[in-house]
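These notes are about the structure you will find just below.
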There are 2 protein chains.
Amino acid sequence: MKRAKKKVFADFMSQKGLKSTKQRDIILDSFLSSDRHLSIEELYLKLRSKHPNIGYATVYRTLKLFAEAGIAREMQFGDGQTRYEHVSEGEHHDHLVCTRCGHIEEFENETIEKLQDEVADSRGFLIERHRLEIYGLCANCRK
Amino acid sequence: MKRAKKKVFADFMSQKGLKSTKQRDIILDSFLSSDRHLSIEELYLKLRSKHPNIGYATVYRTLKLFAEAGIAREMQFGDGQTRYEHVSEGEHHDHLVCTRCGHIEEFENETIEKLQDEVADSRGFLIERHRLEIYGLCANCRK
DNA sequence: CGCCATCATGAAAGTGACATTCATTGGCAT
DNA sequence: ATGCCAATGAATGTCACTTTCATGATGGCG
(Lines give C-alpha, C1' and ligand atoms only; values in the text may rest on other atoms or scores of the structure.)
Protein backbone atom coordinates (compact mmCIF):
# COMPACT_ATOMS: atom_id res chain seq x y z
CA MET A 1 0.00 0.00 0.00
CA LYS A 2 2.71 2.48 0.95
CA ARG A 3 4.84 0.88 -1.70
CA ALA A 4 2.08 1.13 -4.30
CA LYS A 5 1.62 4.83 -3.66
CA LYS A 6 5.32 5.46 -3.84
CA LYS A 7 5.29 3.87 -7.25
CA VAL A 8 2.30 5.91 -8.37
CA PHE A 9 4.09 9.06 -7.27
CA ALA A 10 7.40 8.07 -8.86
CA ASP A 11 5.65 7.33 -12.14
CA PHE A 12 3.80 10.63 -12.01
CA MET A 13 7.04 12.51 -11.39
CA SER A 14 9.01 10.92 -14.18
CA GLN A 15 6.11 11.26 -16.57
CA LYS A 16 6.02 15.00 -15.77
CA GLY A 17 9.79 15.32 -16.04
CA LEU A 18 10.09 16.28 -12.37
CA LYS A 19 12.98 15.31 -10.19
CA SER A 20 13.36 13.05 -7.22
CA THR A 21 14.83 14.82 -4.21
CA LYS A 22 15.68 13.98 -0.63
CA GLN A 23 13.00 16.35 0.62
CA ARG A 24 10.26 14.82 -1.46
CA ASP A 25 11.18 11.35 -0.34
CA ILE A 26 11.13 12.38 3.29
CA ILE A 27 7.83 14.21 2.95
CA LEU A 28 6.22 11.27 1.15
CA ASP A 29 7.37 8.83 3.83
CA SER A 30 6.10 11.05 6.56
CA PHE A 31 2.78 11.64 4.83
CA LEU A 32 2.17 7.95 4.21
CA SER A 33 2.91 7.01 7.80
CA SER A 34 0.67 9.71 9.22
CA ASP A 35 -2.82 10.25 10.34
CA ARG A 36 -5.16 10.28 7.38
CA HIS A 37 -6.13 13.97 7.67
CA LEU A 38 -3.09 16.13 8.15
CA SER A 39 -2.79 19.84 7.51
CA ILE A 40 0.27 21.40 5.88
CA GLU A 41 1.24 22.95 9.18
CA GLU A 42 0.91 19.66 11.05
CA LEU A 43 3.04 17.78 8.58
CA TYR A 44 5.57 20.60 8.51
CA LEU A 45 5.88 20.59 12.30
CA LYS A 46 6.12 16.82 12.39
CA LEU A 47 9.01 16.95 9.90
CA ARG A 48 10.74 19.89 11.52
CA SER A 49 11.93 17.92 14.53
CA LYS A 50 13.85 15.41 12.47
CA HIS A 51 14.58 17.55 9.41
CA PRO A 52 14.91 21.20 10.40
CA ASN A 53 16.24 21.96 6.95
CA ILE A 54 12.92 21.36 5.18
CA GLY A 55 10.96 24.56 4.59
CA TYR A 56 7.25 25.16 4.84
CA ALA A 57 7.06 26.05 1.14
CA THR A 58 8.49 22.70 0.19
CA VAL A 59 5.96 20.81 2.27
CA TYR A 60 3.22 22.95 0.77
CA ARG A 61 4.35 22.37 -2.82
CA THR A 62 4.97 18.69 -2.28
CA LEU A 63 1.49 18.09 -0.88
CA LYS A 64 0.08 19.80 -3.96
CA LEU A 65 2.12 17.39 -6.05
CA PHE A 66 0.68 14.44 -4.12
CA ALA A 67 -2.78 15.71 -4.92
CA GLU A 68 -1.92 16.09 -8.60
CA ALA A 69 -0.45 12.62 -8.62
CA GLY A 70 -3.67 11.29 -7.15
CA ILE A 71 -2.28 9.90 -3.90
CA ALA A 72 -3.73 12.69 -1.74
CA ARG A 73 -6.81 14.84 -1.75
CA GLU A 74 -7.31 18.36 -0.42
CA MET A 75 -10.11 18.74 2.08
CA GLN A 76 -11.64 21.57 4.10
CA PHE A 77 -13.31 20.85 7.39
CA GLY A 78 -14.02 24.41 8.34
CA ASP A 79 -11.18 24.85 10.82
CA GLY A 80 -9.40 27.24 8.47
CA GLN A 81 -6.76 24.72 7.45
CA THR A 82 -6.51 22.67 4.29
CA ARG A 83 -6.08 19.02 5.13
CA TYR A 84 -4.71 16.29 2.93
CA GLU A 85 -6.15 12.82 3.13
CA HIS A 86 -4.77 9.64 1.64
CA VAL A 87 -6.54 8.53 -1.51
CA SER A 88 -7.06 4.90 -2.29
CA GLU A 89 -7.87 3.82 -5.80
CA GLY A 90 -11.53 4.34 -6.63
CA GLU A 91 -12.53 4.60 -3.01
CA HIS A 92 -14.89 7.20 -1.74
CA HIS A 93 -15.95 7.95 1.78
CA ASP A 94 -17.50 10.67 3.88
CA HIS A 95 -16.56 12.04 7.28
CA LEU A 96 -17.63 12.29 10.89
CA VAL A 97 -15.80 15.27 12.41
CA CYS A 98 -15.61 15.72 16.17
CA THR A 99 -16.09 19.37 17.04
CA ARG A 100 -14.41 18.90 20.41
CA CYS A 101 -11.23 16.93 19.77
CA GLY A 102 -10.96 17.31 16.01
CA HIS A 103 -10.91 13.58 15.42
CA ILE A 104 -12.05 12.59 11.95
CA GLU A 105 -13.66 9.23 11.20
CA GLU A 106 -14.59 7.95 7.79
CA PHE A 107 -17.65 6.09 6.64
CA GLU A 108 -19.22 4.83 3.47
CA ASN A 109 -22.88 4.43 2.69
CA GLU A 110 -23.97 3.14 -0.66
CA THR A 111 -27.62 4.04 -0.14
CA ILE A 112 -26.83 7.68 0.57
CA GLU A 113 -24.77 7.83 -2.61
CA LYS A 114 -27.64 6.37 -4.58
CA LEU A 115 -30.11 8.87 -3.16
CA GLN A 116 -27.76 11.70 -4.11
CA ASP A 117 -27.69 10.44 -7.66
CA GLU A 118 -31.48 10.47 -7.71
CA VAL A 119 -31.66 14.01 -6.42
CA ALA A 120 -29.16 15.17 -9.02
CA ASP A 121 -30.96 13.33 -11.83
CA SER A 122 -34.28 14.87 -10.92
CA ARG A 123 -32.70 18.33 -11.30
CA GLY A 124 -30.80 17.57 -14.49
CA PHE A 125 -27.59 18.06 -12.52
CA LEU A 126 -24.42 16.20 -13.51
CA ILE A 127 -22.44 15.13 -10.43
CA GLU A 128 -18.67 15.60 -10.44
CA ARG A 129 -18.10 14.97 -6.76
CA HIS A 130 -19.71 15.50 -3.44
CA ARG A 131 -18.91 15.97 0.19
CA LEU A 132 -20.82 14.87 3.19
CA GLU A 133 -19.61 15.77 6.63
CA ILE A 134 -21.32 15.13 9.90
CA TYR A 135 -20.17 17.35 12.77
CA GLY A 136 -20.72 16.55 16.40
CA LEU A 137 -19.21 14.70 19.34
CA CYS A 138 -17.31 11.47 18.88
CA ALA A 139 -17.96 8.53 21.19
CA ASN A 140 -14.96 9.46 23.33
CA CYS A 141 -15.86 13.09 23.80
CA ARG A 142 -19.46 12.27 24.75
CA LYS A 143 -18.34 10.75 28.01
CA MET B 1 -41.40 36.45 5.48
CA LYS B 2 -39.17 39.47 5.07
CA ARG B 3 -41.26 41.13 7.69
CA ALA B 4 -40.98 38.16 10.03
CA LYS B 5 -37.20 38.16 9.80
CA LYS B 6 -37.03 41.88 10.39
CA LYS B 7 -38.96 41.31 13.56
CA VAL B 8 -36.70 38.46 14.64
CA PHE B 9 -33.68 40.67 14.09
CA ALA B 10 -35.23 43.68 15.83
CA ASP B 11 -36.10 41.53 18.82
CA PHE B 12 -32.63 40.07 18.93
CA MET B 13 -31.07 43.52 18.83
CA SER B 14 -33.21 45.03 21.55
CA GLN B 15 -32.79 41.95 23.69
CA LYS B 16 -29.00 42.36 23.37
CA GLY B 17 -29.17 46.07 24.00
CA LEU B 18 -27.84 46.85 20.53
CA LYS B 19 -28.89 49.81 18.48
CA SER B 20 -30.87 50.23 15.33
CA THR B 21 -28.98 52.21 12.71
CA LYS B 22 -29.49 53.34 9.12
CA GLN B 23 -26.69 51.06 7.94
CA ARG B 24 -28.10 47.96 9.58
CA ASP B 25 -31.53 48.63 8.14
CA ILE B 26 -30.11 49.08 4.67
CA ILE B 27 -27.96 45.96 4.94
CA LEU B 28 -30.85 43.87 6.22
CA ASP B 29 -33.13 45.04 3.40
CA SER B 30 -30.49 44.31 0.84
CA PHE B 31 -29.71 40.90 2.30
CA LEU B 32 -33.35 39.85 2.43
CA SER B 33 -33.99 40.86 -1.16
CA SER B 34 -30.91 39.06 -2.47
CA ASP B 35 -29.88 35.78 -3.80
CA ARG B 36 -29.89 33.17 -1.08
CA HIS B 37 -26.09 32.64 -1.00
CA LEU B 38 -24.26 35.93 -0.96
CA SER B 39 -20.69 36.56 0.12
CA ILE B 40 -19.68 39.58 2.19
CA GLU B 41 -17.90 41.04 -0.82
CA GLU B 42 -20.93 40.56 -3.07
CA LEU B 43 -23.29 42.22 -0.64
CA TYR B 44 -20.80 45.00 -0.02
CA LEU B 45 -20.45 45.72 -3.74
CA LYS B 46 -24.19 45.57 -4.24
CA LEU B 47 -24.64 48.17 -1.52
CA ARG B 48 -21.76 50.37 -2.60
CA SER B 49 -23.53 51.63 -5.70
CA LYS B 50 -26.46 53.07 -3.77
CA HIS B 51 -24.75 53.68 -0.45
CA PRO B 52 -21.07 54.51 -0.97
CA ASN B 53 -20.83 55.53 2.65
CA ILE B 54 -21.24 52.01 4.04
CA GLY B 55 -17.93 50.34 4.82
CA TYR B 56 -16.89 46.73 4.30
CA ALA B 57 -16.38 46.28 8.03
CA THR B 58 -19.95 47.26 8.74
CA VAL B 59 -21.30 44.76 6.22
CA TYR B 60 -19.01 42.12 7.71
CA ARG B 61 -20.09 42.81 11.27
CA THR B 62 -23.74 43.09 10.39
CA LEU B 63 -23.80 39.74 8.62
CA LYS B 64 -22.26 38.18 11.72
CA LEU B 65 -25.08 39.74 13.69
CA PHE B 66 -27.63 38.22 11.32
CA ALA B 67 -26.06 34.84 11.94
CA GLU B 68 -26.17 35.35 15.70
CA ALA B 69 -29.77 36.43 15.46
CA GLY B 70 -30.55 33.26 13.55
CA ILE B 71 -31.75 34.82 10.31
CA ALA B 72 -28.60 33.91 8.36
CA ARG B 73 -26.11 31.08 8.34
CA GLU B 74 -22.44 31.09 7.35
CA MET B 75 -21.49 28.63 4.64
CA GLN B 76 -18.31 27.62 2.83
CA PHE B 77 -18.49 26.25 -0.67
CA GLY B 78 -14.79 26.00 -1.27
CA ASP B 79 -14.42 29.13 -3.40
CA GLY B 80 -12.54 30.89 -0.64
CA GLN B 81 -15.45 33.12 0.34
CA THR B 82 -17.82 32.80 3.25
CA ARG B 83 -21.38 32.96 2.05
CA TYR B 84 -24.46 33.80 4.06
CA GLU B 85 -27.70 32.04 3.34
CA HIS B 86 -31.17 32.90 4.58
CA VAL B 87 -32.37 30.70 7.40
CA SER B 88 -35.98 29.74 7.77
CA GLU B 89 -37.26 28.48 11.09
CA GLY B 90 -36.39 24.84 11.65
CA GLU B 91 -35.68 24.25 8.00
CA HIS B 92 -32.67 22.30 6.81
CA HIS B 93 -31.49 21.70 3.30
CA ASP B 94 -28.43 20.65 1.37
CA HIS B 95 -26.86 22.07 -1.78
CA LEU B 96 -26.16 21.40 -5.42
CA VAL B 97 -23.28 23.66 -6.44
CA CYS B 98 -22.51 24.27 -10.11
CA THR B 99 -18.76 24.28 -10.65
CA ARG B 100 -19.10 26.22 -13.87
CA CYS B 101 -21.49 29.10 -13.15
CA GLY B 102 -21.46 29.04 -9.37
CA HIS B 103 -25.22 28.62 -9.18
CA ILE B 104 -26.40 27.04 -5.93
CA GLU B 105 -29.61 25.03 -5.68
CA GLU B 106 -31.08 23.64 -2.52
CA PHE B 107 -32.68 20.31 -1.84
CA GLU B 108 -34.06 18.31 1.04
CA ASN B 109 -34.09 14.57 1.45
CA GLU B 110 -35.54 13.05 4.54
CA THR B 111 -34.19 9.60 3.79
CA ILE B 112 -30.61 10.79 3.53
CA GLU B 113 -30.96 12.54 6.88
CA LYS B 114 -32.27 9.35 8.42
CA LEU B 115 -29.38 7.31 7.05
CA GLN B 116 -26.95 9.82 8.48
CA ASP B 117 -28.52 9.41 11.89
CA GLU B 118 -28.07 5.67 11.59
CA VAL B 119 -24.41 5.99 10.64
CA ALA B 120 -23.79 8.31 13.56
CA ASP B 121 -25.65 6.07 15.99
CA SER B 122 -23.67 3.05 14.95
CA ARG B 123 -20.45 4.91 15.83
CA GLY B 124 -21.71 6.38 19.06
CA PHE B 125 -21.41 9.81 17.46
CA LEU B 126 -23.71 12.65 18.54
CA ILE B 127 -24.70 14.82 15.58
CA GLU B 128 -24.66 18.58 15.98
CA ARG B 129 -25.03 19.46 12.33
CA HIS B 130 -24.03 18.25 8.92
CA ARG B 131 -23.31 19.47 5.45
CA LEU B 132 -23.92 17.74 2.19
CA GLU B 133 -22.87 19.39 -1.02
CA ILE B 134 -23.02 17.94 -4.48
CA TYR B 135 -20.69 19.61 -6.97
CA GLY B 136 -21.09 19.32 -10.72
CA LEU B 137 -22.83 20.94 -13.68
CA CYS B 138 -26.28 22.42 -13.38
CA ALA B 139 -28.89 21.71 -16.02
CA ASN B 140 -28.11 24.98 -17.79
CA CYS B 141 -24.37 24.50 -17.97
CA ARG B 142 -24.69 20.96 -19.32
CA LYS B 143 -26.03 22.24 -22.60
C1' DC C 1 33.29 11.50 -14.79
C1' DG C 2 32.24 16.27 -15.55
C1' DC C 3 29.01 19.76 -17.72
C1' DC C 4 25.13 22.38 -17.49
C1' DA C 5 20.25 23.14 -18.69
C1' DT C 6 16.51 22.52 -15.56
C1' DC C 7 14.24 21.81 -11.77
C1' DA C 8 13.98 22.23 -6.58
C1' DT C 9 14.63 24.58 -2.33
C1' DG C 10 13.90 27.89 1.45
C1' DA C 11 13.82 32.59 3.15
C1' DA C 12 11.29 36.23 2.44
C1' DA C 13 7.83 38.89 0.45
C1' DG C 14 3.05 39.00 -1.52
C1' DT C 15 -2.06 37.89 -1.47
C1' DG C 16 -6.76 37.68 -0.27
C1' DA C 17 -10.32 37.37 2.86
C1' DC C 18 -11.36 38.09 6.90
C1' DA C 19 -10.97 40.34 11.78
C1' DT C 20 -9.75 44.04 14.90
C1' DT C 21 -8.46 48.76 16.37
C1' DC C 22 -9.41 53.37 17.31
C1' DA C 23 -10.83 58.07 16.69
C1' DT C 24 -15.11 59.89 15.55
C1' DT C 25 -20.07 59.76 14.94
C1' DG C 26 -24.65 58.94 16.22
C1' DG C 27 -28.82 56.49 18.94
C1' DC C 28 -31.72 57.01 22.58
C1' DA C 29 -32.97 57.09 27.57
C1' DT C 30 -33.30 60.70 30.75
C1' DA D 1 -31.05 68.94 24.92
C1' DT D 2 -27.38 66.03 26.99
C1' DG D 3 -24.33 62.36 27.95
C1' DC D 4 -23.25 57.58 27.88
C1' DC D 5 -22.28 53.90 25.28
C1' DA D 6 -22.72 51.49 21.03
C1' DA D 7 -21.77 51.93 15.90
C1' DT D 8 -19.10 53.27 12.04
C1' DG D 9 -15.34 53.17 8.60
C1' DA D 10 -10.53 53.88 7.46
C1' DA D 11 -6.71 51.80 8.51
C1' DT D 12 -4.18 48.12 10.23
C1' DG D 13 -3.50 43.38 11.80
C1' DT D 14 -3.83 38.36 11.18
C1' DC D 15 -3.60 33.98 9.17
C1' DA D 16 -2.96 30.57 5.93
C1' DC D 17 -1.60 30.10 2.10
C1' DT D 18 1.06 31.33 -2.49
C1' DT D 19 4.68 33.19 -5.18
C1' DT D 20 9.27 35.13 -5.98
C1' DC D 21 14.05 34.83 -6.43
C1' DA D 22 18.81 33.80 -5.54
C1' DT D 23 21.12 29.65 -4.57
C1' DG D 24 21.71 24.67 -4.64
C1' DA D 25 20.66 19.75 -6.65
C1' DT D 26 19.62 16.50 -10.25
C1' DG D 27 20.33 13.74 -14.09
C1' DG D 28 20.83 13.30 -19.26
C1' DC D 29 24.72 13.59 -22.34
C1' DG D 30 29.32 13.41 -24.25
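Below, chain A is the first sequence line, B the second, and so on; all start at residue 1.
Comparing the axis of the opening five pairs of the helix from C/dC1-D/dG30 to C/dT30-D/dA1 with that of the closing five pairs yields an angle of 20°, rounded to 10°.
A straight line from CG of B/L63 to P of C/dT20 spans 15 Å, rounded to a whole angstrom. Atom pair A/L45:CG and D/dC17:C1' shows a separation of 15 Å (rounding to whole Å applied). What separates OH of B/Y60 from P of D/dG9 is a distance of 16 Å, to the nearest Å. Between B/R61 atom CZ and D/dA10 atom P there is a gap of 11 Å when expressed in whole angstrom units. Look at OH on A/Y56: it is 18 Å from C1' on C/dA8, rounded to the nearest Å.
Nucleic acid contact for A/E41: none, since no nucleic acid atom lies under 4.0 Å from a heavy atom of the residue. Counting non-hydrogen atoms under 4.0 angstrom, B/S39 reaches nothing in the nucleic acid.
Note on ring orientation: taking the six-membered ring where Trp is involved, the planes of B/H95 and B/H93 are perpendicular (angle over 60°, cut-offs 30° and 60°).
Taking the six-membered ring for Trp and the full ring otherwise, A/F31 and A/F66 have centroids separated by under 6.0 Å.
A donor-acceptor contact under 3.5 Å links the side chain of B/K19 to the base of D/dC5.
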Anything under 3.5 Å between a donor and an acceptor, one on a side chain of residues 111-120 of chain B, the other on a protein residue two or more places apart or in another chain? List them.
unit_1, atom_1, unit_2, atom_2, d
B/E113, OE2, B/H130, NE2, 3.3
B/Q116, OE1, B/H130, ND1, 3.2

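Proximity of B/Q23 to the phosphate of D/dG9: a side-chain N or O atom is located under 4.0 Å from OP1 or OP2. Look at A/T82 and you'll find a side-chain N or O under 4.0 angstrom from OP1 or OP2 of D/dC17. Side-chain nitrogen and oxygen atoms of B/K64 include at least one within less than 4.0 Å of the OP1 or OP2 phosphate oxygen of C/dA19.
Partners of A/R142 under the side chain to side chain contact (heavy atoms under 4.5 Å, CB included) rule, at least two apart in sequence or in another chain, are A/L137, B/L126.
A salt bridge (charged side-chain N to carboxylate O under 4.0 Å, His left out) with B/E74 is found for exactly one of B/R129, B/R83, B/K64, namely B/K64.
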